[in-house]
Amino acid sequence: EDDSGYAGMEHFYDTFKCVADLDDSDYVDCRFAFKIPNNVGSLVGWSVDWEVVLQPRMTVIRSDHQRTRRVDGLNRLVWYFDGNRESRASVDFTVKMPRAD
């Protein structure tokens, strides 16, 4: 989580796309996704621990996270992958969030 306003985590994801919510013009539905490349997945010993902190007024529409935990009143989507047991990993979630104008 980077609260500085300078982070561009959307650039990390393979997919980053927001579309207007047709039922509520004050919200957008945003999908974020990435997959571990095959050349990394074939390496022994890699691991990925990923956490997305849902901000107030954000709701999950769809996600492939393994678990959710609540810290300081905020829900966190959690993913974890161990390269010693798995050869691939993906993080994929869609959230409804207030439109930023």
Indicate yes or no: at least one non-hydrogen side-chain atom of D29 is less than 4.5 angstrom from one of I61.
yes
Which pair of heavy atoms, one from N84 and one from V44, lies closest together, and at what distance?
OD1-CG1, 3.4 Å
Note: D14-K35 ion pair, threshold 4.0 Å (strictly below)
no
To the nearest 0.5 Å, what is the distance between OG on S90 and CZ on F81?
5.5 Å
Quick one: which residue pairs count as a disulfide bond (SG atoms under 2.5 Å apart) with a foot in residues 32-88, not counting sequence neighbours?
none
Kindly indicate whether the side chain of Y27, heavy atoms from C-beta on, has any atom under 4.5 Å from the side chain of R57.
yes
After noting the C-alpha distance and the side-chain angles of W50 and F93, does the key distance pass the ring pair (Phe, Tyr, Trp, His ring centres under 6.0 Å) rule?
CA-CA 12 Å; W50 199 258; F93 62 98; 8.8 Å; no
R69: side-chain hydrogen bond (donor to acceptor under 3.5 Å, both in side chains) partners, not counting sequence neighbours:
E51
So does R99 pair up with D26, basic N to acidic O under 4.0 Å?
no
Side-chain heavy-atom pair R62, T94 within 4.5 angstrom cut-off
yes
When V52, T68, V53, L54 are each screened for side-chain contact (heavy atoms from CB on, under 4.5 Å) with R76, the one that passes is V53
Describe, in one word, how the ring planes of F32 and F16 are oriented to each other, choosing from parallel (under 30°), tilted (30 to 60°) and perpendicular (over 60°).
tilted
Could you tell me if the side chain of R88 sits less than 4.5 Å from the side chain of I36, heavy atoms only?
no
I'd like to check V28 versus M97 (side-chain heavy atoms, cut-off strictly below 4.5 Å). Are they in contact?
yes
Take atom CG in L43; do more than 12 heavy atoms of anything else shown fall under 6.0 Å from it?
yes
Is the shortest side-chain N to carboxylate O distance from D92 to R31 below 4.0 Å?
yes
Determine which pairs satisfy side-chain hydrogen bond (donor to acceptor under 3.5 Å, both in side chains) with at least one residue from residues 36-48, sequence neighbours left out, and list them in order.
none
